[in-house]
Amino acid sequence: MKNITFYSRFETDILAGCKTITLREASDAQFVAGDRIRVSRYEDDVFFCNIEVIAVTPVQFAELNQYHAVQENMMLDELKQVISEIYPGLNELFMIEFRLI
Ligand SMILES: CC(=O)Nc1ccn([C@@H]2O[C@H](CO)[C@@H](O)[C@H]2O)c(=O)n1
């Protein structure tokens, strides 16, 4: 089974079903619809759930909008700030939509 990591501060939102996308750089988005993925925390590699990928879609940083923010359970400004810190200067992102399984 493939694996993906999330920063531990997002674990609660993911388990509650209120964070249903993640925006990643290409090298971290090598998934296709239907993939079942083990999810663990980035900091300590502790497993916390499995997800199924619904879709992987290219999205530019400049095109991020309220839809993305809602799916991330963040304000749009906050989301842009978070992504700028993780991927400074990167415009080519991929939206991974997922559901808990
Ligand atoms: C741990 C690791 O390797 N990388 C990442 C990269 C991104 N993210 C989150 O996805 C969304 C969009 O980027 C935001 O919620 C980010 O904080 C994450 O949790 N972990």
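Order of appearance sets the numbers: ligands from 1, and atoms from 1 within every ligand.
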If we only count N/O pairs under 3.5 Å, is [X] in contact with ligand 1?
{"X": "Arg9", "result": "no"}
{"X": "Tyr42", "result": "no"}
{"X": "Phe10", "result": "no"}
{"X": "Tyr7", "result": "yes"}

*Does one hydrophobic cluster hold both Val70 and Ile96, with members joined at side-chain heavy-atom distances below 4.5 Å?*
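They do not share one cluster, since no chain of ILVMFWY contacts under 4.5 Å joins Val70 to Ile96.
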
_Tell me if a side-chain donor or acceptor on Lys19 pairs with a main-chain N or O of Ile21 at a distance below 3.5 Å._
yes

*For Glu11 and Tyr7, indicate whether the former's side chain and the latter's backbone hold a donor-acceptor pair under 3.5 Å.*
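No: the side chain of Glu11 does not pair with the backbone of Tyr7.
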
Heavy-atom pairs closer than 4.0 Å: do any link ligand 1 to the side chain of [X], the backbone, both, or neither?
{"X": "Leu23", "value": "both"}
{"X": "Ile21", "value": "neither"}
{"X": "Ile83", "value": "side chain"}

_Close side-chain approach of Phe98 and Ile54, heavy atoms under 4.5 Å_ = no

*Which atoms of ligand 1 are found less than 4.0 Å from any heavy atom of Tyr87?*
6 (C)

_Option set Asn73, Thr22, Asp28, criterion heavy-atom distance to atom 10 (O) of ligand 1, minimum_ = Thr22

